[in-house]
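Computed from heavy atoms alone, side chains included, the values below leave out hydrogens, waters and symmetry copies. Treat the numbers as computed from the prediction; the structure is a model and nothing was measured. Order of the sequence lines fixes the chain letters, A, B, ..., with proteins taken first and strands second; residue numbering starts at 1 for each chain.
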Amino acid sequence: MRIATWNINNVNLRLPLLLAWLEATKPDVVALQELKSTTKDFPTRELEQAGYGALVVGQKTWNGVALLARDAEPIVVRRTLPGDLADRQARYVEAAIDGVIVTSIYAPNGNPWPGDKFAYKLAWFERLTRHAAELHASGHPVVLAGDYNVVPTPRDIYVSSSWNNNALIQPEARAGFEKLLKQGWTDSVRKQHPDEPMYSFWDYRRNRWERDAGLRIDHLLVGKSLKAKLRGAGVDRAVRAMEGASDHAPVWIELAM
DNA sequence: ATGCCCATTGCAAATGGA
């Protein structure tokens with residue numbers, strides 16, 4: 001079972017890239033972020049024709065998350081992250097697909113740092129951590145997939161001082177990710193590839209793709225019952241090199257099930 | 001200290017995001 005996560009940075013703009021990638025790699029489950037599309041404008045029909053059922057939590061202009069399932073319809077568990085009824089940002093969706101609970105997470109970026117947006121990032125991450133504890137305790141097989149907007153350690157970013165004042169590497173953000181992991185989740189890409197950077201995001205500016213000046217911020221955390229089923233992980237870097245690419249590449253894991 | 005890139009808005013250059 002192949003599960004992928006991809007911050008697509010506007011699903012309608014990049015639909016041809018998405019369809020080509022689905023056809024080429026045939027993931028069983030896909031978590032998409034930054035749809036920048038309402039639910040109504042999401043390309044449900046085109047994905048259906050490509051063999052994928054979709055669960056979409058859209059929003060006009062910003063955010064937006066979805067889960068795709070090959071030859072199946074995701075069974076919705078929740079469309080919002082609990083803990084703040086006033087939060088209207090489309091950043092979370094959770095579904096059951098082939099007996100696995102899968103999320104599409106789009107954690108707040110949190111820039112500029114410091115400020116209100118960084119406070120929102122930390123608060124959102126706290127909510128995620130509380131909810132993840134419940135999921136972990138449930139005993140269900142769970143994959144927490146998405147764009148966490150956190151560079152967990154210095155190994156997950158090229159050597160640079162350019163990001164020193166950026167929300168993605170701040171100690172509080174890293175501590176939040178660490179606290180989540182400590183519940184017992186496995187950072188599956190890092191586990192499979194302990195000695196490679198495994199970047200998933202390259203800023204459009206300053207030729208960062210060409211320089212491989214990347215960050216690893218898209219993660220697939222697996223619960224205890226799935227850890228032993230992990231068979232592979234990777235980043236589809238070729239997708240980032242294409243004309244009109246998202247600034248993120250798809251990240252995937254392979255589970256023996 | 002700010003811009004870099006990208007897309008949108010609305011039709012030019014400003015805005016906002018990340």
Side-chain angles (χ1 to χ4, degrees), chain A residues 5-18 21 31-43 57-66 81 87-92 104-125 127-128 145-154 156-177 197-219 235 237-251:
Chain A
T5 183
W6 187 14
N7 179 321
I8 196 165
N9 186 13
N10 194 325
V11 68
N12 288 301
L13 212 57
R14 290 180 231 290
L15 183 59
L17 287 175
L18 173 60
W21 171 74
L32 295 174
Q33 303 87 34
E34 273 206 272
L35 303 179
K36 296 184 174 175
S37 167
T38 60
T39 302
K40 178 176 160 293
D41 291 336
F42 185 86
V57 178
Q59 184 180 331
K60 188 176 154 59
T61 312
W62 292 307
N63 308 319
V65 287
L81 185 63
D87 188 355
R88 294 273 181 274
Q89 299 190 27
R91 295 183 175 278
Y92 189 86
S104 183
I105 287 167
Y106 178 47
N109 171 286
N111 281 303
W113 171 85
D116 294 349
K117 290 190 174 178
F118 189 69
Y120 173 64
K121 178 194 184 97
L122 294 182
W124 198 94
F125 221 91
R127 285 164 58 201
L128 175 64
D147 176 0
Y148 285 71
N149 267 316
V150 176
V151 176
T153 74
D156 304 305
I157 183 170
Y158 64 103
V159 176
S160 166
S161 59
S162 302
W163 301 81
N164 286 357
N165 295 319
N166 192 289
L168 307 197
I169 72 158
Q170 293 311 307
E172 299 98 314
R174 285 178 164 168
F177 188 78
M198 305 304 287
Y199 302 141
S200 64
F201 163 81
W202 298 259
D203 195 290
Y204 286 124
R205 294 171 281 195
R206 292 185 173 179
N207 288 313
R208 285 192 171 99
W209 167 249
E210 289 78 4
R211 296 161 46 214
D212 195 23
L215 285 67
R216 191 174 75 93
I217 57 176
D218 300 277
H219 309 300
V235 179
R237 293 174 59 109
V239 178
R240 179 63 180 81
M242 296 177 106
E243 186 77 19
S246 166
D247 41 5
H248 296 247
V251 182

Enquirer: Could you give the distance separating B:dT15 and B:dC4 at their P atoms, to the nearest angstrom?
Expert: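 These two P atoms come out 13 Å apart once rounded.
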
Enquirer: If you find the nucleotide of DNA chain B closest to A:G244 and the one closest to A:G110, which residue's nucleotide is nearer the 5' end?
Expert: A:G244

Enquirer: Select base, sugar-phosphate, or nothing to describe what A:L168 touches, counting heavy atoms under 4.0 Å on all strands.
Expert: nothing

Enquirer: Along DNA chain B, 5' to 3', what are the outermost nucleotides having an atom less than 4.0 Å from a heavy atom of chain A?
Expert: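 Using the under 4.0 Å cut-off, the span is B:dG3 to B:dA18.
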
Enquirer: Restricting to non-hydrogen atoms, name the atom on A:A249 and the atom on A:V235 that form the minimum distance, rounded to 0.1 Å.
Expert: CB-CG1, 3.8 Å

Enquirer: Go nucleotide by nucleotide along DNA chain B from the 5' end; which of A:N10 and A:R206 gets its closest nucleotide reached first?
Expert: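 Result: A:R206.
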
Enquirer: Looking at every heavy atom in both A:I105 and A:Q33, which two are closest together, and how far apart are they?
Expert: O-CG, 3.2 Å

Enquirer: Run A:Y148 and A:I217 through side-chain contact (heavy atoms from CB on, under 4.5 Å) and show every step you take.
Expert: CA-CA 6 Å; A:Y148 285 71; A:I217 57 176; 5.9 Å; no

Enquirer: Taking atom P in both B:dA1 and B:dA12, what distance in whole Å separates the two?
Expert: 35 Å

Enquirer: Take a 6.0 Å sphere around CG of A:N164 and say whether it holds more than 12 heavy atoms from other residues, nucleotides or ligands.
Expert: yes

Enquirer: Distance check, P atoms only: B:dT2 and B:dA13, in whole angstrom units.
Expert: 23 Å

Enquirer: To check you understand the geometry: which heavy-atom pair defines the closest contact between A:D247 and A:Y204, and what is its length?
Expert: N-OH, 3.1 Å

Enquirer: Taking any heavy-atom pair under 4.0 Å as a contact, classify A:K117: base, sugar-phosphate, or nothing.
Expert: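 Sugar-phosphate contact only - A:K117 comes under 4.0 Å of backbone atoms but never of a base.
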
Enquirer: Determine the contact category for A:F118: base if any of its heavy atoms lies under 4.0 Å from a base atom, sugar-phosphate if only primed atoms, P, OP1 or OP2 are that close, otherwise nothing.
Expert: nothing

Enquirer: Is the side chain of A:R208 donor-acceptor paired with the backbone N or O of A:D203 at a distance under 3.5 Å, no angle test?
Expert: no

Enquirer: For the P atoms, the ones on B:dA14 and on B:dG10, what distance do you get once it is rounded to whole angstrom?
Expert: 15 Å

